[in-house]
J.: 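Dumping the structure here so I can ask a few things about it.
Values below: all heavy atoms of this structure, side chains included; hydrogens, waters and symmetry mates excluded. Numbers restart at 1 for each chain; the letters A, B, ... are given by sequence-line order, proteins then strands.
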2 protein chains.
Amino acid sequence: MSTADLGLPVDVPSTALFTDRYELTMLRAALRSGAAERRSVFEAFTRRLPEGRRYGVVAGTGRVLDAVANFRFDAPVLEFLEREDVVDAATLDWLADYRFTGDIWGYPEGEVYFPGSPILRVEGSFAEAVLLETVILSILNHDSAIAAAASRMAVAAGGRPLMEMGARRTHELAAVAASRAAYVGGFRSSSNLAAGFRYGIPTIGTSAHAFTLLHDTERDAFTAQVDALGRGTTLLVDTYDLTAAVRTAVEIAGPELGAVRIDSGDLLLLAHRVRQQLDDLGAKDTKIVVTSDLDEYAIASLAAAPVDSYGVGTSLVTGSGHPTCSMVYKLVARATSDDRDAPLLPVAKKSMGGKTSVGGRKWAARRLDEDGVAAAEVVGTGPVPADLADHQLLVPLVRHGEVIGREPLEAARSRHIAARAGLPLSATQLSRGEPVLATETA
Amino acid sequence: MSTADLGLPVDVPSTALFTDRYELTMLRAALRSGAAERRSVFEAFTRRLPEGRRYGVVAGTGRVLDAVANFRFDAPVLEFLEREDVVDAATLDWLADYRFTGDIWGYPEGEVYFPGSPILRVEGSFAEAVLLETVILSILNHDSAIAAAASRMAVAAGGRPLMEMGARRTHELAAVAASRAAYVGGFRSSSNLAAGFRYGIPTIGTSAHAFTLLHDTERDAFTAQVDALGRGTTLLVDTYDLTAAVRTAVEIAGPELGAVRIDSGDLLLLAHRVRQQLDDLGAKDTKIVVTSDLDEYAIASLAAAPVDSYGVGTSLVTGSGHPTCSMVYKLVARATSDDRDAPLLPVAKKSMGGKTSVGGRKWAARRLDEDGVAAAEVVGTGPVPADLADHQLLVPLVRHGEVIGREPLEAARSRHIAARAGLPLSATQLSRGEPVLATETA
């Protein structure tokens, strides 16, 4: 059985192959050296935010939990690994029974993060924990990049709704995850039907220029659409002449017309002109949707325009200039010996070159000022100071291999709004700057 | 049955939901207006290349063919569409039998393209052809962006092998497609096991810093790796002190050591130093692999360094600054009436705003100069001039709904090398410039 049988354009039977080959060759060598069972702590974190960004947004945590739960080596995968000589017979035996039995802690989804924040902490044997590196990073790096862009756009949009429309600009399955991450970051709906099906995200969309061009006249097209979708539909008015189209739209649908969509031209100018025309025609409740190559700056520039909602595609699903985060997954501590009860030793890469990291199993907390506003991201390896105990950021997600951190997507979305609101006001400036919180080592 | 049962972190039963909602509401309205069965021609093309790029690379065609073949509306999908009121009962009936029965022509995979090149032409009823828009664009926009970056890197690398290592920097399934596209663009191998499993791409990878840190000493780690993977393995030498690590590596593996990998620091300087050290130690055949945040410019800057192969991650899977193409899918012609034998009428959006396009069903050919070098991309809607008849670019991919354009991935890879070699020499300059061929309208 493979996913090809289900019509997916991929044929990969489990999450276990979303993995770099070296994870498995390290396992093979560690099983042989005897170090594979050493208790280990890996942490996912970034060394920096994308240039100019004030905060990061954790997204994908829920998908990570699914990926961990579904990380299994079934027969076709094991045959592949054997055929390609990725692993030896002893490793194949070990993999056949693979199930992650360790613990995972992490920043809850929707939380904000800063350079050095231990976003995810995976604890288990080296063997069990090392294998998860690639798929965990794939998910967090992609989804968090989209959520961060979405969050900036949501700030720029003020209270106006944002619609995700980027499916055609990214890989067809990345698009589904992008819808999910955009929802966490503050978008309200998506054009992506798979995102509606899989995650319950409200879907939107009515028609493209092709629908107007298909019919002999724009009037025929609008009539057909209103007949089929009702007067509350959104008519696309920029195929031929905008002013004529708006007039025709209101003639056909009446003042109950739901909305008109403008997908090209100078949106600021056109929105004002169309609003005036709609009002003059008595369609005062008809809304204006704009959708042409928007990003957070274009959205902000329309703040004073009579626009009711924004549809965003390319810039959202490509992270608005930063399509990936720079999260890494590093071994930060491991048992001092193969002994089951051996204590943990902090470890870190030491050579020059800027890729060093801080060893040790970390906690993190957000220190607040006297007004309750976040003042610093505090990361430490020792005991948690008493005044920070109630402000810790890591929550349990997996305990002894059992996923305990699942939550509705709405929870992540709400958490993000609260977390962002707890940052200093300058966090939501669109202009480039330093991370709005400094990360302190305790 | 859903993909969740297979352990995939998605739960989408067919490619039909990788679709924007408006494709289905347009279908609903067109079925009602009677225009749904009008014969239609859609074309995928770009209005421009990413800024400064000299040529585009078609990739994803093979995946498009799979997606079209697997575009089916099964019971869970139909129930979802009904529950969400995306479509009405008549549309549900129509969808239950959906199967694309039209024709698809396209630039073959690996071919180069320019602004206005009709990369894919989909012909069928409006109803059948409009539904495919989103998934076709998702695939072409993503895969072609990666292949274009890969092609530039392959040029920069000269004959040295390139290894794709970007899985952790992009969505876990986008990563598999990225490996495939990189292979088309000239990469030789991938760290991604799913890409090996699904597409037969050679996989590579041996160990990360975590493996060294897991062991009590670097010597223990290297010994373990050589024991398990043989002397031909690649040892990662920049965890602690590079010079000491190279010495230890050769002591353990001897001059048969396959390669050392450097993943941080000044690669130009370090490659020279390590090469000298390896030669002094008698390990003259031991290769040097470099892998730290490379892009085409960094690769080019190492041309004179004693580097044997390059591993590339982030910049490859994010399209080296251009993570998506700007391909659109436009209705360019449709029957003049609902009559089955009605002639085709060219159509195009007309309003201002820069998003206009050229109507009519197009052919494309590459005109050569007297030396056989490409001189222009010629696109037309009338008869093909005799001198261009043998240089046409569109090939049949789907005929009457049957996929006839499948080919081994190697064919696309070879085609790309040949297509690039047929361009003027300036095509392979890394510096920014105009498209190397102008697109002429015939």
J.: Pick one of side chain, backbone, both or neither for Phe42(A), based on which atoms fall under 4.5 Å of a heavy atom in chain B.
T.: side chain

J.: What part of Thr223(A) is in contact with chain B, defined as an atom under 4.5 angstrom from a non-hydrogen atom: side chain, backbone, both or neither?
T.: neither

J.: At a heavy-atom separation under 4.5 Å, does Thr233(B) approach chain A through its side chain, its backbone, both, or neither?
T.: neither

J.: Hey, which of Val135(A), Leu137(A), Ile139(A) is the one that makes side-chain contact (heavy atoms from CB on, under 4.5 Å) with Arg168(B)?
T.: Leu137(A)

J.: Might you point out which heavy atoms bring Ile204(A) and Arg21(B) nearest each other, and give the distance in Å?
T.: O-CB, 3.3 Å

J.: If I compare all heavy atoms of Ala348(B) with all of Tyr240(A), which pair ends up nearest, and what's the gap?
T.: O-CE2, 4.4 Å

J.: Any idea which of Asp20(A), Leu331(A), Leu24(A), Asp88(A) has the most non-hydrogen atom pairs under 4.5 angstrom with chain B?
T.: Asp20(A)

J.: Begin from the C-alpha positions of Asn141(B) and Thr170(A) and carry the test side-chain contact (heavy atoms from CB on, under 4.5 Å) through to its verdict.
T.: CA-CA 7 Å; Asn141(B) 273 322; Thr170(A) 186; over 6 Å; no

J.: Sort out for me which of Asp85(A), Val86(A), Thr203(A), Thr134(A) touches chain B most, counting heavy-atom pairs under 4.5 Å.
T.: Thr203(A)

J.: Please check if the side chain of Arg169(B) supplies one atom and the backbone of Met327(A) the other of a donor-acceptor pair under 3.5 Å.
T.: yes

J.: Working to the nearest 0.5 Å, report the span between CG of Asp241(A) and NZ of Lys350(B).
T.: 13.0 Å

J.: Under 3.5 Å, is there a donor-acceptor pair linking the side chains of His171(B) and Ser138(A)?
T.: no

J.: Quick one: which of Val332(A), Leu213(A), Val347(A) has the most heavy-atom pairs under 4.5 Å with chain B, could you say?
T.: Leu213(A)

J.: I'd like to know which of Thr91(A), Asp227(A), Leu81(A) tops the heavy-atom pair count under 4.5 Å against chain B.
T.: Asp227(A)

J.: Looking at Ala167(B), Ala245(B), Cys325(B), Ala228(B), which makes the most heavy-atom pairs under 4.5 Å with chain A?
T.: Ala228(B)

J.: In Å, rounded to the nearest 0.5 Å, how long is the span from CZ of Arg28(B) to OG of Ser207(A)?
T.: 13.0 Å

J.: Taking all non-hydrogen atoms of both residues into account, name the closest pair between Ala35(A) and His215(B) and its distance.
T.: CB-NE2, 3.7 Å

J.: Give, for atom CZ of Phe126(B) and atom CZ of Phe211(A), the distance between the pair rounded to the nearest 0.5 Å.
T.: 6.5 Å

J.: Assess whether side-chain contact (heavy atoms from CB on, under 4.5 Å) is satisfied between Glu172(B) and Arg63(A), documenting all intermediate values.
T.: CA-CA 11 Å; Glu172(B) 66 277 20; Arg63(A) 298 208 309 117; 2.7 Å; yes

J.: For the CZ atom of Arg198(A) and the CG atom of Leu17(B), what is their distance to the nearest 0.5 Å?
T.: 12.5 Å

J.: In terms of heavy-atom pairs under 4.5 Å, which option from Ser33(B), Ser191(B), Pro202(B) contacts chain A the most?
T.: Ser191(B)

J.: I need the Phe18(B) CZ to Asn192(A) CG distance, nearest 0.5 Å.
T.: 8.5 Å

J.: At a heavy-atom distance under 4.5 Å, which candidate from Glu133(B), Met165(B), Arg72(B), Glu84(B) has the highest pair count against chain A?
T.: Glu133(B)

J.: How far apart are the closest heavy atoms of Pro76(A) and Phe197(B), and which atoms are they?
T.: O-CE1, 3.6 Å

J.: Walk me through it: do Ser264(B) and Lys349(A) pass the test side chain to side chain donor-acceptor pair (under 3.5 Å)?
T.: CA-CA 11 Å; Ser264(B) 54; Lys349(A) 178 177 185 303; 3.1 Å; yes

J.: So, using side chain to side chain donor-acceptor pair (under 3.5 Å) as the criterion, who are the partners of Thr324(A) when residues are at least two apart?
T.: none

J.: Looking at Ala224(A), Ala174(A), Ala175(A), which makes the most heavy-atom pairs under 4.5 Å with chain B?
T.: Ala174(A)

J.: Name all residues meeting the side chain to side chain donor-acceptor pair (under 3.5 Å) criterion together with Arg334(B); count only those two or more places apart in sequence or in a different chain, and write none if there are none.
T.: Asp216(A)

J.: If you count heavy-atom pairs under 4.5 Å between each of Ser337(B), Pro323(B), Ala178(B) and chain A, which one has the most?
T.: Pro323(B)

J.: In terms of heavy-atom pairs under 4.5 Å, which option from Thr318(A), Thr314(A), Leu214(A) contacts chain B the most?
T.: Leu214(A)

